[in-house]
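Written below as structure tokens is the structure these notes are about.
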There are 2 protein chains.
Amino acid sequence: MAIQSPIWRSPVTSSDRLLLEIQRAIVEGDIPAGSKISEPELARRFSVSRAPLREALARLERCHLIERTPNAGARVVTLSLAGLLSLYQLREELEGLACRLAAENMDDAEIAELSALLEAHLASQRVREGESYYQEEGDLDFHYRIILGSKNSYLINILCDELYFLVRMYRVQLGMNGPRVSRAFDEHKAIINAIANRDGELADLLMRRHIGASRKNIELKLLNAGS
Amino acid sequence: MAIQSPIWRSPVTSSDRLLLEIQRAIVEGDIPAGSKISEPELARRFSVSRAPLREALARLERCHLIERTPNAGARVVTLSLAGLLSLYQLREELEGLACRLAAENMDDAEIAELSALLEAHLASQRVREGESYYQEEGDLDFHYRIILGSKNSYLINILCDELYFLVRMYRVQLGMNGPRVSRAFDEHKAIINAIANRDGELADLLMRRHIGASRKNIELKLLNAGS
DNA sequence: TTAAGATATATTGTCGACAATCTGCTGGCA
DNA sequence: TGCCAGCAGATTGTCGACAATATATCTTAA
């Protein structure tokens with residue numbers, strides 16, 4: 001996953017490591033959604049000064065994982081149905097575009113590699129039935145590669161750096177596993193085929209449906225959990 | 001322009017003021033594209049310490065106005081045809097979506113206000129023929145309001161906070177005035193009408209064409225300037 | 001008893017200094 | 001002559017302390 005960006009680069013500095021750790025903590029609910037972020041406390045917890053911590057917080061804000069108000073501090077975002085719908089509206093649009101561009105810009109080798117990757121995931125999926133972590137990893141990897149295949153750096157930046165951690169947060173904290181897992185593979189396969197055939201419009205359509213189905217799935221869980 | 005975000009909020013802190021000043025300087029070419037950013041120099045120039053300066057730089061990176069590499073510093077972005085195309089590809093997609101959502105979510109008062117605003121701009125445009133600054137202000141204001149009308153906070157954030165300064169930079173530094181100005185008003189008018197008729201699909205289509213035309217215009221200038 | 005104001009506490013924003021890292025140059029060696 | 005190692009200078013990253021601001025508590029008057 002060699003995305004060159006302030007968020008995906010290998011951690012060379014303290015704030016890089018902090019970013020990764022706090023990101024994971026927020027996404028997995030270790031630091032609960034909606035809770036206030038205390039700079040002195042986090043600084044003690046990770047044994048660093050507040051300077052790299054604030055740098056990390058600035059980047060967390062960029063990922064939409066926290067919200068800061070001047071002179072009042074930062075809070076972890078809260079998950080909501082409205083937020084989920086807004087997020088997935090964007091994903092449908094942007095990943096649809098990514099598919100169209102990928103169908104133009106991915107070379108044959110990249111497509112073959114992606115196809116092989118999917119087969120590997122399918123095989124390992126059959127073995128590890130129900131183990132949602134690997135499924136999620138595989139799904140994200142699939143989406144990442146198509147986004148990278150678009151070769152549009154702004155699009156890549158927005159999706160991979162700024163939106164996907166929030167997507168993961170929704171998925172992890174609302175437990176995105178279950179019967180949809182098996183169907184997702186077929187949908188992925190169909191999307192790859194469209195890209196391989198250089199049919200950008202079809203890939204676009206299929207991706208929008210794929211994400212839309214995923215949204216409905218989470219939406220259902222959220223409504224059930226809320227009642 | 002009461003967008004609540006780390007970038008549009010009224011400047012309450014030093015780094016807020018720094019952000020606005022450096023943003024303006026970069027967009028208008030006062031700090032030339034591609035040049036290296038020296039933290040000590042800027043800190044002296046604006047009479048602040050490096051702490052708020054670095055905060056401002058982090059947010060400038062978020063606007064895609066500078067690029068930072070760890071332990072090596074920051075550079076102002078360079079303008080290129082490829083960058084312009086990538087940027088406008090995204091704008092077409094995102095502002096198209098914004099139109100579709102605005103047709104659903106803007107209330108009648110907002111639409112009436114937007115329509116009145118356009119008429120005012122048209123009147124003042126006829127008077128100040130050729131004065132490109134007001135035209136640009138008016139155009140941006142138009143786009144902003146539709147984006148805000150989408151009521152999708154992620155979409156708003158991406159377009160207004162992260163992409164639009166770069167758009168302005170391309171326009172300012174490549175001199176976006178001339179014969180297209182008059183036609184843009186008609187296109188704006190048609191888009192508003194579609195939104196007022198709650199015809200999201202048409203508004204989407206018209207906005208994509210509007211931005212596409214704008215892209216071709218800049219593209220032309222860039223090619224001529226490059227040769 | 002409640003509400004408004006003042007005070008105390010805690011948190012965030014900013015500063016200057018130091019440590020770690022990179023860049024460019026000099027000098028020695030093949 | 002060309003190239004690599006090592007050094008000097010500058011730049012970025014991090015630290016601890018102070019100033020400015022917000023939040024919580026307590027007092028006091030209606």
Side-chain angles (χ1 to χ4, degrees), chain A residues 4-23 25-26 31-78, chain B residues 4-23 25-26 31-32 34-78 161:
Chain A
Q4 196 52 33
S5 87
I7 288 173
W8 283 96
R9 73 184 180 218
S10 54
V12 301
T13 176
S14 294
S15 66
D16 289 340
R17 282 184 292 276
L18 273 176
L19 175 66
L20 291 178
E21 296 209 54
I22 303 178
Q23 236 172 19
I26 291 179
I31 300 176
S35 63
K36 179 154 175 19
I37 299 266
S38 164
E39 291 185 7
E41 184 201 323
L42 277 186
R44 277 196 307 275
R45 178 165 158 187
F46 292 106
S47 307
V48 291
S49 101
R50 283 174 49 223
L53 176 63
R54 286 171 64 86
E55 179 91 25
L57 291 182
R59 288 194 265 170
L60 283 172
E61 185 180 30
R62 189 171 167 175
C63 309
H64 303 273
L65 291 184
I66 67 172
E67 288 166 353
R68 302 170 91 187
T69 44
N71 288 317
R75 306 194 76 86
V76 179
V77 295
T78 58
Chain B
Q4 197 50 35
S5 87
I7 288 173
W8 282 96
R9 74 184 178 217
S10 54
V12 301
T13 177
S14 294
S15 67
D16 289 339
R17 282 184 292 276
L18 273 176
L19 176 66
L20 291 178
E21 294 209 53
I22 303 177
Q23 236 173 19
I26 291 178
I31 300 176
S35 63
K36 179 155 174 21
I37 300 266
S38 164
E39 292 185 6
E41 184 202 321
L42 276 187
R44 277 196 307 277
R45 178 166 158 187
F46 292 107
S47 307
V48 291
S49 101
R50 282 174 53 223
L53 176 62
R54 285 171 64 87
E55 178 91 22
L57 290 182
R59 289 195 264 169
L60 284 171
E61 185 180 29
R62 188 170 169 176
C63 310
H64 303 273
L65 291 183
I66 66 172
E67 289 166 353
R68 301 169 91 187
T69 44
N71 289 317
R75 304 195 78 86
V76 179
V77 294
T78 58
D161 295 351

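So that the names make sense, note that chain A is the first sequence line, chain B the second, and so on, each numbered from 1.
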Nearest-angstrom distance from the residue atom [atom1] of [X] to [atom2] of [N]:
X     : N      : atom1 : atom2 : answer
A/L18 : D/dT14 : CG    : P     : 8 Å
A/R54 : D/dG13 : CZ    : P     : 16 Å
B/E39 : D/dG13 : CD    : P     : 6 Å
A/R68 : C/dG13 : CZ    : C1'   : 10 Å
A/F46 : D/dT14 : CZ    : P     : 15 Å
B/L57 : C/dT14 : CG    : P     : 13 Å
A/E55 : D/dC15 : CD    : P     : 12 Å

Output one line per pair: protein atom, nucleotide atom from nucleotides 16-24 of chain C, and distance, for all N/O pairs under 3.5 Å.
none

Check your understanding: Taking the side chain of B/P52 as heavy atoms from C-beta outward, which of D/dG13, D/dT14, C/dT14 is closest to it?
Key ->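 Among D/dG13, D/dT14, C/dT14, the one nearest the side chain of B/P52 is C/dT14.
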Check your understanding: How would you label the contact of B/L53 with the nucleic acid (heavy atoms, under 4.0 Å): base, sugar-phosphate, or nothing?
Key ->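 The residue B/L53 makes no contact with any strand.
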Practice item. Assign A/I37 to base, sugar-phosphate, or nothing according to its heavy-atom contacts below 4.0 angstrom with the strands shown. Key: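 Touches sugar-phosphate only.
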Practice item. Would you mind telling me which residue lines up with the more 5' stretch of DNA chain D, B/V12 or A/S14, judged by nearest nucleotide? Key: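 Nearest nucleotide further toward 5': that of A/S14.
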Review point. Counting just side-chain N and O atoms, does B/K36 come under 4.0 Å of either OP1 or OP2 of D/dA10?
Key: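 For D/dA10, OP1/OP2 do not have a side-chain N/O of B/K36 under 4.0 Å.
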Practice item. Report yes if a side-chain nitrogen or oxygen of A/T13 is closer than 4.0 Å to either non-bridging phosphate oxygen (OP1 or OP2) of D/dT14; otherwise report no. Key: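 Yes, A/T13 has a side-chain N/O under 4.0 Å of OP1/OP2 on D/dT14.
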**Study point:** CG on B/L57 to CG on B/L42, rounded to 0.5 Å
**Key:**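 So the CG of B/L42 and the CG of B/L57 are separated by 7.0 Å.
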Exercise for review: Mind listing the closest non-hydrogen atom pair of B/S14 and B/P52 along with its distance?
Suggested key: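 Heavy atoms only, the tightest pair is CB-CB, 4.1 Å.
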Exercise for review: Sorted by first residue and then second, give each ring pair (Phe, Tyr, Trp, His ring centres under 6.0 Å) pair with at least one member in residues 55-75 of chain B; sequence neighbours left out.
Suggested key: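 For residues 55-75 of chain B: A/Y154-B/H64.
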Review point. What do the steps show when you test A/Q23 against A/L20 for side-chain contact (heavy atoms from CB on, under 4.5 Å), and what is the final call?
Key: CA-CA 5 Å; A/Q23 236 172 19; A/L20 291 178; 3.9 Å; yes
**Study point:** All pairs passing salt bridge (Lys or Arg N to Asp or Glu O under 4.0 Å) where residues 40-52 of chain B contributes a residue, at least two apart
**Key:**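 Listed once each, the pairs are B/E39-B/R50.
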Point to revise | Check: A/L60 and A/L19 side chains under 4.5 Å, non-hydrogen atoms | key: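 Yes, side chains in contact.
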Exercise for review: Using the salt bridge (Lys or Arg N to Asp or Glu O under 4.0 Å) rule, take B/R59 and B/D16 through it: C-alpha gap first, then chi angles, then the decisive distance, then the call.
Suggested key: CA-CA 10 Å; B/R59 289 195 264 169; B/D16 289 339; 2.7 Å; yes
